Asker: 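Got a structure for you, questions after.
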Amino acid sequence: MSAHEQFADDLALHALGALEGEDRAALEKHLATCIEQLRGDMALMAISTTGPKPPQRSRQRLLDAIAKEPRAISGGQPARRGFNWWAAFGWAMTVAMFLVVVQLRRENTFLKDSVNTLAQMMGQQTVELANARRVVDSLTDCHSRRLENAATTAGQGLLPAQQDQSGLRRQQPRSPATRQDL
Amino acid sequence: LSSADLNPGSPDMALVSAIRAGDQGAMAALYDRYSPVVYSVALRVLGDTGAAEDVQQDVFMQLWRNPGAFDSSRGNLGAWLAVITRNRAIDTLRKRRPQDDIEDVVLSVVPDMAADADRSRIAAKVRDLLTAMPAIQRAALEMAYYEGLTHTEIASKTGEPLGTIKTRIRAGLIALRKALEG
């Protein structure tokens, strides 16, 4: 108790949160030690308690109770309440799985968007390919003889032309006296 | 801490080690050694033999279920059991749930009480000291320890100023410490 006196000033500073560093550590260590010693003193007071002995039945009651609770633990490392690593591992796995699911959902959405974009591009390219094929078919048709730009020939008194879906005019086969053979 | 408390070969440590291994006979031996103290403290607090038996049963069963809660670095086994009993009895008296875990009961006991004779000698010394103490000082100490009253409740019960009660309890503890150290 006498050692406690020298910490009186520090105690006030500690209460105000104004004590730091080694002084604070020393005070806290002293307090913990002091409390343990005071508890020890009070324990001696408890030990000094006198009274009748417990009835004999209480001994048998205890022995019956422990016989019903044989302990599986043996060897006897001191049990400590502490951090439950298994529980922490379980929670960590749960969080990890949740993050994986979220990430997979994001990737799934991204891939769906990509597939849709590609499908649209393929549709456009299919149309363009069909158009190109029609142009090629027109150019390579064995019945075609002459190809003119309809815009430039239709109004010049040349032979009537037929306009197909490609936007070009295909002139009908004509007699050998045509102006230009293909 | 006494050297005997830290000695793995001491009777208390041998009993605790055997209990950790699930030895029911060791539990019976420990009961025979400490049940007079445990029962006396419980009866002193509760004043009822049935309730005292229940508290005693509870204290020993806690030790049986979790012997690792006590280890030699945490003080003398008899003093530790006495403090746990006092705390459980106060909880019962106040009809409240246990306020602290037995693993949290840390105390420092200076006198060597490994042997039964030493424990009896120290207990007699404490009793003499309490008897020699001024009645009002002893009453304040006992109300705090055996009835679990706060200093405010003691002041209200005795009709004396709060500061007076604090001073008496502190003076009583200092006297106890000096007598044990002397």
Side-chain angles (χ1 to χ4, degrees), chain A residues 1-8 11-12 15 26 28-85, chain B residues 16-17 19-22 24 27-28 31-32 35-41 43-44 49 52-53 56-57 60-61 64-71 75-76 78-80 82-83 85-86 101 103 105-111 113 119 122-127 130 141 145 170 173-174 176-177 180:
Chain A
M1 294 294 288
S2 58
H4 192 74
E5 304 297 335
Q6 71 188 62
F7 288 99
L11 203 56
E28 290 176 347
K29 183 180 179 182
H30 166 74
L31 286 177
T33 305
C34 198
I35 288 172
E36 288 180 17
Q37 288 176 347
L38 287 170
R39 282 180 181 154
D41 294 343
M42 300 310 289
L44 296 179
M45 191 169 162
I47 279 183
S48 72
T49 307
T50 55
K53 289 186 177 179
Q56 185 62 27
R57 65 172 181 273
S58 64
R59 185 180 195 274
Q60 193 56 48
R61 178 186 174 193
L62 177 68
L63 296 180
D64 290 344
I66 64 175
K68 290 177 183 174
E69 288 189 31
R71 282 208 324 278
I73 303 170
S74 63
Q77 287 300 319
R80 287 274 183 273
R81 287 181 307 159
F83 194 74
N84 188 335
W85 289 102
Chain B
V16 172
S17 296
I19 289 169
R20 284 176 182 166
Q24 298 180 13
M27 194 67 204
Y31 174 91
D32 292 339
S35 63
V37 170
V38 169
Y39 184 73
S40 294
V41 171
L43 188 59
R44 175 73 172 79
T49 54
E53 279 185 58
Q56 174 185 258
Q57 176 84 356
F60 282 114
M61 284 306 293
W64 172 251
R65 290 170 182 144
N66 186 15
F70 172 79
D71 64 61
N76 176 274
W80 186 75
V83 170
T85 304
R86 180 264 177 189
D101 200 295
E103 296 174 12
V105 175
V106 180
L107 48 91
S108 174
V109 180
V110 176
M113 297 191 298
R119 194 169 63 254
I122 296 295
K125 190 172 184 178
V126 173
R127 276 195 297 274
L130 290 172
L141 262 183
Y145 199 67
R170 182 166 177 267
L173 288 174
I174 290 172
L176 193 61
R177 166 59 58 89
L180 294 170

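In what follows, chains are A, B, ... by sequence order, proteins preceding strands, each numbered from 1. Since we're looking at a predicted model, the values are computed, not measured.
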Asker: State which residues pass salt bridge (Lys or Arg N to Asp or Glu O under 4.0 Å) with Arg127(B); sequence neighbours excluded, sorted by chain then number.
Answerer: none
Asker: State, with a plain yes or no, whether a side-chain heavy atom of Ile122(B) is found less than 4.5 Å away from one of Leu44(A).
Answerer: yes
Asker: Does the Trp64(B) side chain pair with the main chain of Leu62(A), one donor and one acceptor, at a distance under 3.5 Å?
Answerer: no
Asker: Measuring from Arg44(B):CZ to Ser48(A):OG, what's the distance to the nearest 0.5 Å?
Answerer: 9.5 Å
Asker: Using the side-chain contact (heavy atoms from CB on, under 4.5 Å) rule, take Met42(A) and Arg86(B) through it: C-alpha gap first, then chi angles, then the decisive distance, then the call.
Answerer: CA-CA 10 Å; Met42(A) 300 310 289; Arg86(B) 180 264 177 189; over 6 Å; no
Asker: In chain order, what residues pass the salt bridge (Lys or Arg N to Asp or Glu O under 4.0 Å) check against Asp32(B), with sequence neighbours excluded?
Answerer: Arg59(A)
Asker: One pair to check against side-chain contact (heavy atoms from CB on, under 4.5 Å): Ile66(A) and Met61(B). What are the steps and the verdict?
Answerer: CA-CA 7 Å; Ile66(A) 64 175; Met61(B) 284 306 293; 3.6 Å; yes
Asker: Of all heavy-atom pairs between Met45(A) and Tyr145(B), which one has the smallest distance, and what is that distance?
Answerer: CE-CB, 4.1 Å
Asker: Rounded to the nearest 0.5 Å, what separates atom CZ in Phe60(B) from atom CZ in Arg61(A)?
Answerer: 12.5 Å
Asker: Heavy-atom pairs under 4.5 Å with chain A are the metric here; pick the option from Ala28(B), Ala52(B), Ala124(B) that has the most.
Answerer: Ala28(B)
Asker: Within the structure provided, determine whether Ile47(A) and Val126(B) are in side-chain contact (heavy-atom separation under 4.5 Å).
Answerer: no
Asker: Under the side chain to side chain donor-acceptor pair (under 3.5 Å) rule, what do Ser58(A) and Gln56(B) come out as? Steps first, then yes or no, please.
Answerer: CA-CA 8 Å; Ser58(A) 64; Gln56(B) 174 185 258; 3.3 Å; yes
Asker: Tell me, out of Gly51(A), Ala67(A), Pro54(A), Ala46(A), who's got the most heavy-atom pairs with chain B below 4.5 Å.
Answerer: Pro54(A)
Asker: Search all heavy atoms of Ser40(B) against all heavy atoms of Thr49(A) and return the closest pair with its distance.
Answerer: O-CG2, 3.6 Å
